[in-house]
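Throughout, a chain's letter reflects where its sequence line sits, starting with A, and its residues are numbered from 1. Side chains are part of it too, since the values below use all heavy atoms of this structure and drop only hydrogens, waters and symmetry mates.
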Amino acid sequence: MAETKPPPSASPAEAPAAISVRVLFFASLADLMGERRRNLNLPAGSTIADALRDMATDVPDLAVRAPHVSFAVNEAFVTADAPLSDGDELALIPPVSGG
Amino acid sequence: MAETKPPPSASPAEAPAAISVRVLFFASLADLMGERRRNLNLPAGSTIADALRDMATDVPDLAVRAPHVSFAVNEAFVTADAPLSDGDELALIPPVSGG
Amino acid sequence: MIVELTSDPIDVPRLIEHVNQPSNGGICTFLGVVRDNAEGRPVVKLGYEAYESMAVAQMRTIVEEAMQRWDLDAVALSHRTGELQIGEASVAIAVGAPHRAEAFEACRYIIDTLKTRVPIWKKEFFQDGAVWVEPVSSQPSTQ
Amino acid sequence: MIVELTSDPIDVPRLIEHVNQPSNGGICTFLGVVRDNAEGRPVVKLGYEAYESMAVAQMRTIVEEAMQRWDLDAVALSHRTGELQIGEASVAIAVGAPHRAEAFEACRYIIDTLKTRVPIWKKEFFQDGAVWVEPVSSQPSTQ
């Protein structure tokens with residue numbers, strides 16, 4: 001995770017110009033992504049939708065799946081327009097089938 | 001039970017002039033009656049209501065309890081106007097509380 | 001199908017095992033257990049008396065009704081008789097079904113119906129006496 | 001309260017024991033068990049994967065909701081992870097309540113709600129492949 005350090009900010013008192021988010025993939029999405037987690041660097045102010053667009057450049061099928069995916073930030077369900085903060089844990093949650 | 005044999009009938013081909021019924025008492029009714037079973041001799045054509053009237057001569061409180069009692073003849077629920085036949089098993093069933 | 005009256009403690013895992021058949025995806029069980037109070041009054045123990053042959057016949061009829069109505073292939077129903085201590089199960093029902101809705105509904109039907117028309121009676125023992133429980137609303141219907 | 005994910009077989013008697021408290025008169029349990037088929041297609045085994053920390057947190061929230069809504073003092077909820085064979089329990093719920101209506105309703109609420117918003121996924125293994133089960137209707141709502 002050392003490589004995800006944000007670039008130095010022009011004004012250290014402000015929010016960083018970039019954020020680093022840990023993204024978790026489960027079940028069919030782990031299969032799709034070929035991994036269970038990745039660290040993602042995004043511009044400050046990015047939302048979950050922005051993160052999805054970023055990852056879909058690698059894996060275009062993620063955009064196809066996105067309408068059927070729920071999202072959790074730091075283990076709480078949120079909608080795709082939720083903003084991300086540096087250090088957040090974003091989970092992509094396919095339709096659940098426990099029980 | 002040998003003593004409950006009905007008297008000889010005038011016409012052996014017809015139903016006997018008297019019937020013998022085995023009556024079972026449970027729970028609070030066994031407490032009330034002071035017994036768990038008795039054999040009852042009744043005129044042919046008697047109903048459960050007739051049997052109750054007969055037994056209430058011994059135990060008047062039975063008449064008080066009767067509206068809250070259900071009846072089974074040979075293990076099937078029936079109403080108080082059901083006729084009794086020789087050899088029937090009549091159960092007086094107080095409100096049930098199993099489970 | 002298991003339908004039984006027993007004076008021994010009910011073996012709940014055995015009932016569950018009985019209904020755990022390969023085609024079933026859900027098992028609902030209900031246990032009636034002896035509470036330490038009756039509407040707030042401390043209970044020492046319970047006693048159950050049954051019109052045994054008729055009780056078993058009625059229990060079987062209720063189970064058969066449930067199996068037909070919800071298309072079930074496995075139900076187990078056991079009821080205790082005699083003296084029970086606090087925490088012991090007086091009745092246990094296990095219903096297996098392909099899907100959970102049927103398992104819940106059939107299990108609920110069996111306990112609700114048992115309480116209205118199976119000839120079993122409960123006696124509550126208190127510190128200073130005992131009473132037969134006779135719910136005013138549980139008069140069996142004629143059928 | 002017992003709320004757990006476990007890779008070991010679920011100890012159902014332990015869950016029942018946990019909710020069998022002296023003030024409770026009824027215990028409802030639900031077991032989800034591995035069926036031998038999925039809509040008719042033979043199933044060999046199942047696999048369950050969870051977002052473990054969030055799953056346990058969601059399970060605890062659901063149990064707390066049920067305990068508050070039905071005024072319960074004892075609920076147990078256990079969910080398996082990993083590989084399960086036919087007949088094994090994938091989930092077990094035990095709810096104790098003074099009266100049976102609350103026990104049934106709370107137990108049903110917990111399994112129904114668990115299936116809509118606890119991040120656990122089931123993989124069905126067939127003779128010739130495996131699929132993640134993704135119900136179209138089970139999209140967790142935002143909350």
Peer 1: Is there a side-chain contact between C:Y51 and B:E89 in this structure, where contact means two heavy atoms from C-beta onward sitting under 4.5 Å apart?
Peer 2: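 Side-chain contact under 4.5 Å: yes.
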
Peer 1: Side chain, backbone, both or neither: which part of C:W132 has an atom under 4.5 Å from a heavy atom of chain B?
Peer 2: side chain

Peer 1: State whether the side chain of B:S97 and the backbone N or O of C:W121 hold a donor-acceptor pair below 3.5 Å, judged by distance alone.
Peer 2: no

Peer 1: How close do C:Q58 and B:E75 get, counting heavy atoms only, and between which atoms?
Peer 2: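 Distance-wise, the nearest heavy atoms are NE2-O, 4.4 Å.
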
Peer 1: Can you list the steps and then say if B:V96 with C:K122 is a side chain to side chain contact (heavy atoms under 4.5 Å, CB included)?
Peer 2: CA-CA 8 Å; B:V96 301; C:K122 174 165 66 175; over 6 Å; no

Peer 1: Does C:E134 reach the side chain of B:R65, with side-chain heavy atoms less than 4.5 Å apart?
Peer 2: yes

Peer 1: So which part of C:A92 gets closer than 4.5 Å to some heavy atom of chain B, the side chain, the backbone, both or neither?
Peer 2: neither

Peer 1: For C:E64, look at atom CD and say whether over 12 heavy atoms of other residues, nucleotides or ligands are found less than 6.0 Å away.
Peer 2: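 Counting other residues, nucleotides and ligands, CD of C:E64 exceeds 12 neighbours.
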
Peer 1: Measure distances from C:Y48 to the heavy atoms of chain B and classify the residue's part below 4.5 Å as side chain, backbone, both or neither.
Peer 2: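 Contact with chain B is through the side chain of C:Y48 alone.
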
Peer 1: Counting C-beta onward and ignoring hydrogens, is there a side-chain heavy-atom pair between C:K123 and B:D31 closer than 4.5 Å?
Peer 2: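 Yes; the side chains approach each other to less than 4.5 Å.
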
Peer 1: First locate atom CD of C:E49, then atom CZ of B:F26, and finally report the distance between them rounded to the nearest 0.5 Å.
Peer 2: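 Interatomic distance, C:E49 CD to B:F26 CZ, rounded to 0.5 Å: 7.0 Å.
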
Peer 1: Do any N or O atoms from the side chain of C:H79 and from the backbone of B:G99 form a donor-acceptor pair under 3.5 angstrom?
Peer 2: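 Judged by distance alone, yes, a pair lies under 3.5 Å.
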
